[in-house]
Amino acid sequence: MKLRNHILVLFILLWGMIMLSGCSQVEKDFYALQKESSSLNSYVSDGEITLTVNQLPGEITEITGKSPLFQDIILKVLQDIKLTYNIKADLDRQLISASIYLKLYEKAEPRELFSIIGKEDDLYIRVDKIAEILSIDSEFTPYIDALDGKAYLTISREEMADLLASEEGPITLNSANLWNTEQIKTQNTLYYSLIDGLMNEVYQQYETGIVKKERNGFSINLTPQEVMELIEPFVLYSLDHADQLEAYLISAVEDLTDEEMLLLELDPDQKEAYLQGITEFINEIKMGGSEFLNEWAENRAMIENEIIGSLGETKLSLSLQKADSSTYDSQLELLLQVKGEPEATQPLDLVWQVKDRTKKTNNFEVTVPQEGLISLTDFQAKIPWIVYIYVEPDYGFYSMSHGLESKFGDLEAVLEEGQTSVPFRQMADILNEEAGWDPDKHQAYVKMDGQPIYFKGAIQEGLLFVPVKEFEKVGWEISWDADFATITLIKYAE
């Protein structure tokens, strides 16, 4: 089932693109311009992202409390916030430079928030600016200290491969090729080839009518009502052309080489399972499609009333234009209107706008930093292990983090007479400690510098429970937060 879902998720995403763009000549021209603008090998892109709200969402007001002044300050910040960015990329020279700037109000100078440089096999992430911002919260102090005052975090090809390596085998997000020009080109070509096939072999007669031709480009305007109108004709068309869809998907997978499958995050050894999954998927469409349409017809009015009633004047607008032979302008604007409870005086209006100008050029250079560098490996080694234990009477939970590594799960923690006890073996495993049992002393221990450090505890329902503070013996700093019933364990690198 997992393998089947993997291949189908890929095609469903492509399928969704067809649903929203359609295959009329205007819609194909729009898609061709998208493809052209996103397939540049060398370009400079500048843009801005703005966010505006007319009131704070309920979740934020709960966090900020009942202070009107504090809420007004946050609302003012959100009303004026703007992010600008500059991206330079040259795939042939294996260069990339990207910077993001924050502007809190109209007359303020933009402040660099984040930047990254990539050259050949190495990435350089500027972290000193991020550290300045995060320093206001003591929770981030261990991570800031681990940077050791360095300005850039470097990540090599090998480190990235280790970071992204999958435990499932060969599917690894292409981690073995951090910045491989030919791979990126091939991957983009593959995705567009799959979309082209769907458009030309299956959905060649499907039209949405939502793409409008303008003088130098195209525009799309969508409301919740218009999205609802797209569902039924798309399902009907897919049902009528289910056999063609199956034939195309099977042919597309069969034609993929092992290398191409890896580029699409697919396992070449499971090709037959993918093909079987496609057939099962199409059969489900054929069997369940009519039932879906019947249920849709019966409940459509109710669904539309609920969706349109709650989203009000929500609207998505998108435009893409070719300003000249090498320049592409795009703009995305989302007005999200959420109507609250009947007693609400006004709906929540959120406007998210993205403007971008991308120009084809290779006339730029990227300066790689030479000083103030710390590698990902060294940074990881200096980050402490941090474990949070959430102690509740009926449900226990933990989370662990060490740099970019994390895990979480259930943990039964017993709170008695002001002392919290945890299952010894499970806790030692969470903390990556080497645990054992001494049959002569009838005591559990954890090895520290090769020597056993004995713990006290008691057997409960067949499990050895030990006071969590016993782990202080092997170097863990432990604190208790009564307000959130949380225990924090921290172990710093030696």
Side-chain angles (χ1 to χ4, degrees), residues 9 12-38 45-57 59 78-85 191-192 195 198-199 203 206-235 237-238 296 300-323 328-340 344 346-358:
V9 164
I12 287 172
L13 290 174
L14 301 173
W15 204 17
M17 295 180 67
I18 301 298
M19 174 185 175
L20 290 178
S21 61
C23 299
S24 68
Q25 189 56 54
V26 170
E27 291 161 341
K28 285 184 176 181
D29 291 343
F30 169 63
Y31 163 72
L33 186 57
Q34 285 182 302
K35 181 178 176 180
E36 178 183 322
S37 64
S38 60
S45 181
D46 291 285
E48 64 179 36
I49 303 170
T50 57
L51 173 69
T52 306
V53 296
N54 67 332
Q55 60 180 293
L56 293 180
E59 293 78 4
L78 289 178
Q79 285 176 331
D80 292 333
I81 195 169
K82 178 182 291 186
L83 293 174
T84 61
Y85 60 85
Y191 282 122
Y192 283 120
I195 297 175
L198 281 173
M199 294 181 71
Y203 289 91
Y206 172 72
E207 300 181 12
T208 66
I210 64 173
V211 179
K212 305 301 181 184
K213 181 74 171 68
E214 297 180 345
R215 187 178 66 176
N216 296 321
F218 305 88
S219 66
I220 294 177
N221 293 286
L222 272 179
T223 65
Q225 178 66 51
E226 289 168 324
V227 173
M228 298 289 289
E229 297 291 341
L230 290 174
I231 295 175
E232 185 172 344
F234 181 75
V235 173
Y237 187 99
S238 299
W296 174 256
R300 177 172 176 173
M302 178 187 69
I303 295 173
E304 286 185 350
N305 287 336
E306 290 182 359
I307 293 178
I308 298 173
S310 61
L311 293 181
E313 300 299 320
T314 293
K315 184 177 182 180
L316 174 68
S317 300
L318 171 67
S319 66
L320 177 62
Q321 297 182 337
K322 192 169 184 179
Y328 305 85
D329 292 331
S330 65
Q331 180 168 323
L332 170 69
E333 182 174 297
L334 172 64
L335 165 60
L336 178 62
Q337 185 178 88
V338 181
K339 295 184 177 181
Q346 60 178 336
L348 168 66
D349 287 343
L350 182 150
V351 180
W352 182 49
Q353 189 177 73
V354 182
K355 296 180 180 179
D356 178 89
R357 164 160 282 197
T358 296

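The shown structure was predicted, so the numbers you read here are calculated from the model rather than taken from an experiment.
Residues Glu27 and Gly209 approach most closely at OE2-N, 2.8 Å, considering heavy atoms. Phe218 approaches Asp29 most closely through the heavy-atom pair CZ-CB, 3.5 Å.
Residues Tyr85 and Asp356 are in side-chain contact: their nearest non-hydrogen atoms beyond the backbone lie under 4.5 Å apart. The shortest distance between side-chain heavy atoms of Trp296 and Val235 does not fall below 4.5 Å. Here the side chains of Ile49 and Trp352 are in contact, with some heavy-atom distance below 4.5 Å. Contact annotation: the side chain of Ile303 approaches that of Met228 to within less than 4.5 Å [non-hydrogen atoms, C-beta and beyond]. Side-chain contact between Phe234 and Thr208 is absent, with no heavy atoms from C-beta onward closer than 4.5 Å. Inter-residue side-chain proximity for Leu336 and Leu316 is flagged as unmet; no heavy-atom pair is nearer than 4.5 Å.
The CG atom of Leu230 sits 5.0 Å away from atom OH of Tyr206, with the distance rounded to the nearest 0.5 Å. Atom NZ of Lys355 and atom OG of Ser319 lie 10.0 Å apart (nearest 0.5 Å). With values rounded to the nearest 0.5 angstrom, Asn221 atom CG is found 4.0 Å from Ser317 atom OG. If you take CG on Leu51 and NZ on Lys82, they are separated by 12.5 Å, rounding to the nearest 0.5 Å. Taken to the nearest 0.5 Å, the OH atom of Tyr192 stands 2.0 Å off from the OG atom of Ser38. A distance of 8.5 Å separates CD in Gln34 from CD1 in Ile195, rounded to the nearest 0.5 Å.
Checking Lys213, Lys212, Glu214, Gln331 one by one against Ser219, the side chain to side chain donor-acceptor pair (under 3.5 Å) holds for a single residue, Glu214.
Partners of Ala323 under the side-chain contact (heavy atoms from CB on, under 4.5 Å) rule, at least two apart in sequence or in another chain, are Thr327, Asp329, Arg357.
Here salt bridge (charged side-chain N to carboxylate O under 4.0 Å, His left out) pairs that include residues 224-234, with residues two or more places apart or in two chains, are Glu229-Arg300, Glu232-Arg300. Identified under the salt bridge (charged side-chain N to carboxylate O under 4.0 Å, His left out) test for residues 311-323, with sequence neighbours left out: Glu36-Lys322.
With hydrogens and angles disregarded, a donor-acceptor distance shorter than 3.5 Å links the side chain of Thr314 to the backbone of Gln337.
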